[in-house]
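Naming: A, B, ... by sequence-line order, numbering from 1 per chain. These numbers were taken from a predicted model, which means no experiment stands behind them.
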Number of protein chains: 2
Amino acid sequence: MTRKSFERLTEDVRRTALLEATLDVVSQDGIPGASVRRIALKAGVSAGLIRHYFDTKEDMVRAAYMYLMDGLTMRAAEMAAKAKGQPEASLARFVQANLTKPSISEHAVTLWATFIGLNKSNAGYSDVHRDAYREFLEILEALIFPVLRANDRPDDSTTCRQLAIAMNGIVDGLWIEGSLAHGLYDSADLPRIALHACEGIMRLPDGSLTKHLTL
Amino acid sequence: MTRKSFERLTEDVRRTALLEATLDVVSQDGIPGASVRRIALKAGVSAGLIRHYFDTKEDMVRAAYMYLMDGLTMRAAEMAAKAKGQPEASLARFVQANLTKPSISEHAVTLWATFIGLNKSNAGYSDVHRDAYREFLEILEALIFPVLRANDRPDDSTTCRQLAIAMNGIVDGLWIEGSLAHGLYDSADLPRIALHACEGIMRLPDGSLTKHLTL
DNA sequence: TCCGTTGCTATACATTTGTATAATAATGTG
DNA sequence: CACATTATTATACAAATGTATAGCAACGGA
């Protein structure tokens, strides 16, 4: 019997490939369907190899979760950095970016939700979520502060924090429903809906944020 | 060998008990840990009985999901009905109720997220989510409309709908983070944060909703 | 009080699972 | 080009899983 020919990859490349295969399978078949064998098949690799990179299946799944959330928050931070200019434009672009593709994605929401569902049964997962959430809040706060200052609104840290919590809530909520593509409305409206709401939340004049909407 | 003694229950009672045991186990151990045997153990019943009530395990899990969402939206509708009086008070109480116990619940959020995570892999689940979401939107719209009218704000159906989408987003987003109890802030602040935000979203005078906060 | 119905237990079984280990071949280094 | 290293395949195995089925016992109607 002849063996399958294979390619030796560097540790990082193979490891990342395994993590991405894990996310693909979990997203497609759910946690119940995410067996070691199916993940290995997706990665084009024999099942035994997984134990060469991860001590246990759960280690791999948790690593995949961290990989996912790191990617999401990193992209969010990049979008925030890219949106330089006036404060309102930066904030608007950040919100808009989170509510358009590729952020709007059934794949990502499915995974995000799946892992939140594991929060309670496994302490490791809740740490990952909390860290990602905190980071997102910090990014939002940093974007909110200059907008408040430029508009002569109260900009103390408590206010910033509470506005960030509220605006993160609306972005998250719309991100979820928009990504699930249930057909109840056109998710192309979401950026406008969100920005109009954020204007109100921050008590800014109408149009302050929505006028920065880009097609 | 002596058999376990047991009690014969009516179909509905036993069925409901099985559904609740399913939700308990899924919430506590996640889908991976939710084996037929463990669910039966939780329900105080032998494993074989499950097949007497459900053709397959997946049937049971899906039924449990519907049972969960029915309960959540029914409670939401009850809260909306109970909150009679001026329009602002009704809306405020509805939002507050969704952001305090028992709605704020790690158990409920964990389950909600777990099943969203199965949306993609199994069409049946996404139907349940969509129906529950639509119902929630309709309740919110019905609460929003009289508030707009009483405040001489535009109250056409498009406006109502978009406000409902935005406000559902913020309620959902805060509900999730508040329930996960990650310790980043005190979730007792959430009702005030949400109502203050909703005032802004609807362009109501400050205090219109927050003054109806009850301790 | 008996007895049939059927809710329920108990057991069996083939599959799938995660993990462990031995064998092999791709690769870089001398 | 030989050779050691180790990434990778292949196989094995016990445990857990979903499902099927045989038979017991609780309860209601006669």
Give me, pair by pair, the N or O atoms of the protein and of nucleotides 21-23 of chain C that are less than 3.5 Å apart, along with how far apart they are.
from	atom 1	to	atom 2	distance (Å)
C/dA23	N3	A/Arg3	NH2	3.0

Annotated protein contacts, base or backbone, on nucleotides 13-18 of chain C with a non-hydrogen cut-off under 4.0 Å, one of B, S, - each: ----BB
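- Checked against salt bridge (Lys or Arg N to Asp or Glu O under 4.0 Å), B/Asp189 has no partners two or more places apart in sequence or in another chain.
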Between the protein and nucleotides 27-30 of chain C, which nitrogen or oxygen pairs are less than 3.5 angstrom apart?
none

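- For residues 171-197 of chain A, the pairs satisfying ring-ring contact (aromatic ring centres under 6.0 Å, His included) are A/Trp112-A/Trp175, A/His182-A/Tyr185, A/His182-B/Tyr133, with sequence neighbours left out.
- DNA chain D is contacted by no residue of residues 9-27 of chain B, taking any non-hydrogen atom closer than 4.0 Å.
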Exercise answer: donor-acceptor pairs, residues 19-27 of chain A side-chain atoms, under 3.5 Å, sequence neighbours excluded:
from	atom 1	to	atom 2	distance (Å)
A/Glu20	OE2	A/Tyr67	OH	2.5
A/Thr22	OG1	A/Leu18	O	2.8
A/Ser27	OG	A/His107	ND1	3.0
A/Ser27	OG	B/Lys120	NZ	3.0

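- Applying the side-chain hydrogen bond (donor to acceptor under 3.5 Å, both in side chains) definition to pairs two or more places apart or across chains, those involving residues 68-82 of chain A are A/Arg75-A/Ser103.
- Applying the ring-ring contact (aromatic ring centres under 6.0 Å, His included) definition to pairs two or more places apart or across chains, those involving residues 74-98 of chain B are B/Phe94-B/Phe136.
- Looking at heavy-atom distances under 4.0 Å, A/Phe54 makes no contact with the nucleic acid at all.
- Pairs of residues two or more places apart, or lying in two chains, never qualify as side-chain hydrogen bond (donor to acceptor under 3.5 Å, both in side chains) while including a residue from residues 31-47 of chain B.
- A/Glu58 pairs by the salt bridge (Lys or Arg N to Asp or Glu O under 4.0 Å) definition with A/Arg62, not counting sequence neighbours.
- Every residue meeting the salt bridge (Lys or Arg N to Asp or Glu O under 4.0 Å) condition with B/Glu141, not counting sequence neighbours, appears here in chain and number order: B/Arg161.
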